[in-house]
Undergrad: 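Here's a structure for you.
Because the structure is a prediction, the values reported are computed rather than measured.
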Amino acid sequence: ANCTESAGMLYTTCSRELAKSIKSNYPNTISSTGGPNTLIAAEWTKAVQDAIRVSASIECAGQCTALRHAVVPETVRLGDVEATFDEMTHATSPVNALKN
């Protein structure tokens with residue numbers, strides 16, 4: 001089997017030039033161009049949950065610093081991840097966002 005068949009998807013953070021080169025030979029690539037896009041955590045701690053919540057919620061107009069992928073222990077379930085965002089509030093207007 002070739003590399004693509006054996007490895008599956010490839011996730012990378014690199015320059016646009018390198019991403020284009022990789023993608024031309026390895027089409028199953030998701031590539032970001034900088035910033036802490038992937039979080040890898042060995043434990044599901046409050047600090048990890050805080051980092052996920054903060055980074056995932058700063059996305060605005062394609063900022064490349066927002067979290068794209070979180071690799072967490074197998075014991076973490078979807079409900080655990082969803083609960084991380086339970087305390088989030090939504091600003092209904094720019095004025096409300098500045099007030100809060």
Side-chain angles (χ1 to χ4, degrees):
N2 67 33
C3 181
T4 303
E5 293 168 350
S6 297
M9 292 294 294
L10 172 67
Y11 298 90
T12 181
T13 299
C14 58
S15 69
R16 290 175 194 246
E17 181 181 346
L18 181 56
K20 185 176 180 179
S21 174
I22 293 170
K23 191 136 179 99
S24 70
N25 294 302
Y26 198 99
N28 292 333
T29 300
I30 294 176
S31 184
S32 300
T33 56
N37 305 107
T38 300
L39 174 79
I40 300 174
E43 297 179 22
W44 186 245
T45 64
K46 181 172 181 345
V48 168
Q49 294 171 49
D50 290 345
I52 289 171
R53 183 177 50 258
V54 170
S55 186
S57 61
I58 64 169
E59 174 61 25
C60 179
Q63 291 175 341
C64 65
T65 56
L67 183 68
R68 303 286 194 259
H69 316 101
V71 180
V72 297
E74 292 180 351
T75 56
V76 177
R77 300 290 172 234
L78 178 59
D80 299 325
V81 177
E82 290 172 341
T84 299
F85 296 92
D86 284 349
E87 301 296 319
M88 295 286 299
T89 58
H90 175 76
T92 57
S93 73
V95 173
N96 277 350
L98 293 173
K99 285 180 180 178
N100 297 321

Undergrad: To the nearest 0.5 Å, what is the distance between NZ on K20 and CG on N25?
TA: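 Separation between the atoms: 12.5 Å.
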Undergrad: Which one of E87, M88, E82 satisfies the side-chain contact (heavy atoms from CB on, under 4.5 Å) criterion with F85?
TA: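 Of the listed options, the one satisfying the test is M88.
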Undergrad: Just one of I40, L39, V76, T84 clears the side-chain contact (heavy atoms from CB on, under 4.5 Å) bar with V48, so which one?
TA: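 Result for side-chain contact (heavy atoms from CB on, under 4.5 Å) with V48: L39.
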Undergrad: For A41 and P73, which heavy atoms make the closest approach, and how far apart are they?
TA: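 Smallest interatomic distance, heavy atoms only, reads O-CD, 3.4 Å.
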Undergrad: Assess the residue pair D80 and R77 against the criterion (salt bridge (charged side-chain N to carboxylate O under 4.0 Å, His left out)); give the C-alpha distance rounded to whole Å, side-chain angles, the decisive distance to 0.1 Å, and a yes or no.
TA: CA-CA 5 Å; D80 299 325; R77 300 290 172 234; over 6 Å; no
Undergrad: Please determine whether residues L18 and Y26 belong to a single hydrophobic cluster, defined as Ile, Leu, Val, Met, Phe, Trp and Tyr linked transitively by side-chain heavy-atom distances below 4.5 Å.
TA: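 Yes, L18 and Y26 fall within the same hydrophobic cluster.
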